[in-house]
Amino acid sequence: MDHVQHWIDGALSTKESHRVGEIFNPATGVVTGNVAFADEAQVDEAVKVAARAFDEWRHSSLTKRVQVLFAFRELVNTNKEKIAALITSEHGKVLSDAAGEVTRGLEVVEFACGIPHLLKGGFSEEVSTGVDVYSIRQPLGPVAIISPFNFPAMVPMWFFPVAIAAGNTVIVKPSEKDPSAIMFIAKLWKEAGLPDGVFNVVHGDKVAVDALLTHPGIKSISFVGSTPIAKYVYETGTKSGKRVQALGGAKNHMVVLPDADLDLAADAAINAGFGSAGERCMAISALVAVGPIADTLIEKITARMANLKTGDGTKGADMGPLVTKIHRDKVAGYIAAGEAQGATVVVDGRNVEVAGDGFWLGPTLFDNVTSEMSLYQDEIFGPVLSVLRVNTYDEALALVNEHPYGNGTAIFTNDGGAARRFQNEVEVGMVGINVPIPVPMAYYSFGGWKNSLFGDSHAHGTEGVHFFTRGKVVTSRWLDPSHGGINLGFPQNS
Ligand code: NAD
């Protein structure tokens, strides 16, 4: 049985925690290990270590930082399959998907390798006689990253490469459900030559999170998780004077216009609806069919669903189990509620047959879903796709814009003008045009609107660099040897 410990100051913690959480393999339902839960004192120890390491790391040259980042990039790339295997064993997603999340995380490492360019400031010579002004960006100090279960490698990697490249030190609090991938990554940082204490991991639950949110030594919080916790983290962290970016839940709509390529749209609906068992914050869960295409589209989706294999993610399945039994039962509860509220069950995932005691639920398709049903109102975070039928583009747009979440959305159409109008009018942070999961590349920023983000900084890209640095402007005068006399006047151009 594995025991997962905190990683502090470049080593596994030797202090035992009083509380632990169980780790399951969701494909077998078996407990495979447990993870230490940090208390306030253990969080405090990690923060003190990170503060000490900051004094040195912030003064390490950009050249040195980039060399470490390059070495780390190579190590993660070489070990991608091992990290993917750890993810699958605790999360349940299929191996190819787990390797895919490592690849997307690596893109942020590659972006952060350009930190010397990203940190360049401006310089204005001679703003007044003999006076120059320039801007610089400096690191914040120890920063905290609190991440969800569904991307145990990629989501922390949205933040820590940029934070570390900019000269900060980091404490990651991963999800207690799948804590092993980040431990492997911590060891790779050490192998890459990152000084001890720059990258730390504390495990735990609300106790550890609260300790980070209120610790005076933590300068910023990057949180990703469900909306109620994101809101709580934002409010508590900002009340403690910290910079906070808190990314929350989602309910992503895919709008299909009558002129769309319906085979492309059906492929996209399968991929974005059921990939990773719908446990993606960019999953499509509401498919809005505009005009007369709904029957044909549903036929095409249903035919494709018949070929989807649900099973152990290490054994060639298309879709793995859900992360826990509790979550599986919650999603099955939404299916029952949808049926009771009058939606039509086209494919019922509760009937899926897979050997073993894994947390199984097959892909599920609903038709005739309406906006007041819980299937539509709530984030379900499972393999459940709801079709809503509307008559016009305007009705489709209103649905998306009136929904409280605003993470991602997609439109499928062959009409460039309609797509352009949608991109302009839709109130959502990330938009796909004939692309179902529009996760931005690392040099753009990731994040939603409305209840999908609390704070005003998205992840990575230039917003990430700004989040992890503070601006400073220097006005400098080097006296000309010919200077003489005292001037008490207010500084102004002469
Ligand atoms: P979660 O909110 O339950 O947990 C997220 C983190 O918060 C974990 O580290 C957890 O330990 C901690 N936490 C849980 N309860 C807490 C509490 N009461 N007080 C303090 N901390 C607490 O989310 P999850 O179930 O792990 O992940 C799924 C959610 O994450 C979904 O809602 C999904 O949409 C969201 N998500 C959003 C994005 C995005 O970019 N917007 C990306 C990935 C996941």
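Not measured: the values here are computed from a predicted model. Remember, it's 1-based here, ligands and their atoms both numbered in the order they're listed.
- Distances below 4.0 Å separate heavy atoms of Phe381 from the following atoms of ligand 1: 28 (C), 31 (C), 33 (C), 34 (O).
- Side chain of His327 to main chain of Phe381: a donor-acceptor pair is present (N/O by atom type, distance under 3.5 Å, no hydrogens or angles).
- Between the side chain of Lys190 and the backbone N or O of Ala11 there is no donor-acceptor pair closer than 3.5 Å.
- Taking the six-membered ring for Trp and thresholds of 30 and 60 degrees, Phe199 and Trp189 have ring planes inclined between 30 and 60 degrees apart.
- Residue contact check for ligand 1: Tyr405 places no non-hydrogen atom closer than 4.0 Å to it.
- Around atom 19 (N) of ligand 1, the closest heavy atom drawn from Glu176, Lys251, Met154, Lys206 belongs to Lys206.
- At distances below 3.5 Å, not a single donor-acceptor pair connects side-chain atoms of Asn252 with backbone N or O atoms of Thr409.
- Going from atom NZ of Lys82 over to atom CD1 of Ile87 covers 14.5 Å, rounded to the nearest 0.5 Å.
- Between Phe24 and Phe359, the ring-plane angle classifies as perpendicular under the 30° and 60° cut-offs.
- Within a 4.0 Å radius of atom 4 (O) of ligand 1, the protein has no heavy atom.
- Of all the heavy atoms of Thr227, none lies under 4.0 Å from any atom of ligand 1, so neither backbone nor side chain is involved.
- When the heavy atoms of Ala250, Gly248, Pro148, Gly249 are ranked by distance to atom 37 (C) of ligand 1, first place goes to Gly248.
- Between the choices Phe446, Tyr232, Phe223, the shortest heavy-atom distance to atom 40 (O) of ligand 1 belongs to Phe446.
- Between Ser226 and ligand 1, at least one pair of N/O atoms sits closer than 3.5 Å.
- Contacts of Glu279 with ligand 1, taken as heavy-atom pairs under 4.0 Å, are absent altogether.
- With hydrogens and angles ignored, the 3.5 Å screen pairs no side-chain donor or acceptor of Lys330 with any backbone N or O of Lys325.
- Within ligand 1, counting atoms from 1 as listed, the ones closer than 4.0 Å to a heavy atom of Val209 are 20 (C), 21 (N).
- Salt-bridge check for Glu110 with Arg73: passed, with a basic side-chain N closer than 4.0 Å to an acidic carboxylate O.
- The environment of Arg19 atom CZ is dense: over 12 non-hydrogen atoms of other residues, nucleotides or ligands sit within 6.0 angstrom.
- Ser147 counts as a contact of ligand 1, since one of its heavy atoms falls under 4.0 Å from the ligand.
- Of the heavy atoms in Asp210, none comes closer than 4.0 Å to ligand 1.
- For ligand 1, the atoms sitting less than 4.0 Å from at least one non-hydrogen atom of Glu379 are 31 (C), 32 (O), 33 (C), 34 (O), numbered in the order shown with element in parentheses.
- Heavy atoms of Trp158 found under 4.0 angstrom from ligand 1 belong exclusively to the side chain.
- Between Phe149 and ligand 1, an N or O atom pair is found at a separation short of 3.5 Å.
- Across Gly429, Cys281, Pro152, heavy-atom proximity to atom 36 (N) of ligand 1 is greatest for Cys281.
- Shortest contact from atom 17 (C) of ligand 1 to any protein heavy atom: Ile229 CD1, 3.6 Å.
- The distance from ligand 1 to the heavy atoms of Ile146 drops below 4.0 Å at these ligand atoms: 9 (O).
- Residue contacts with ligand 1 for Asn150 involve side-chain atoms from C-beta outward but no N, CA, C or O (heavy atoms, distance under 4.0 Å).
- Between Arg350 and Glu339, at least one side-chain N (NZ, or NE/NH1/NH2) sits under 4.0 Å from a carboxylate O, which counts as a salt bridge.
- Counting non-hydrogen atoms of neighbouring residues, nucleotides and ligands closer than 6.0 angstrom, the CZ atom of Arg137 exceeds 12 such neighbours.
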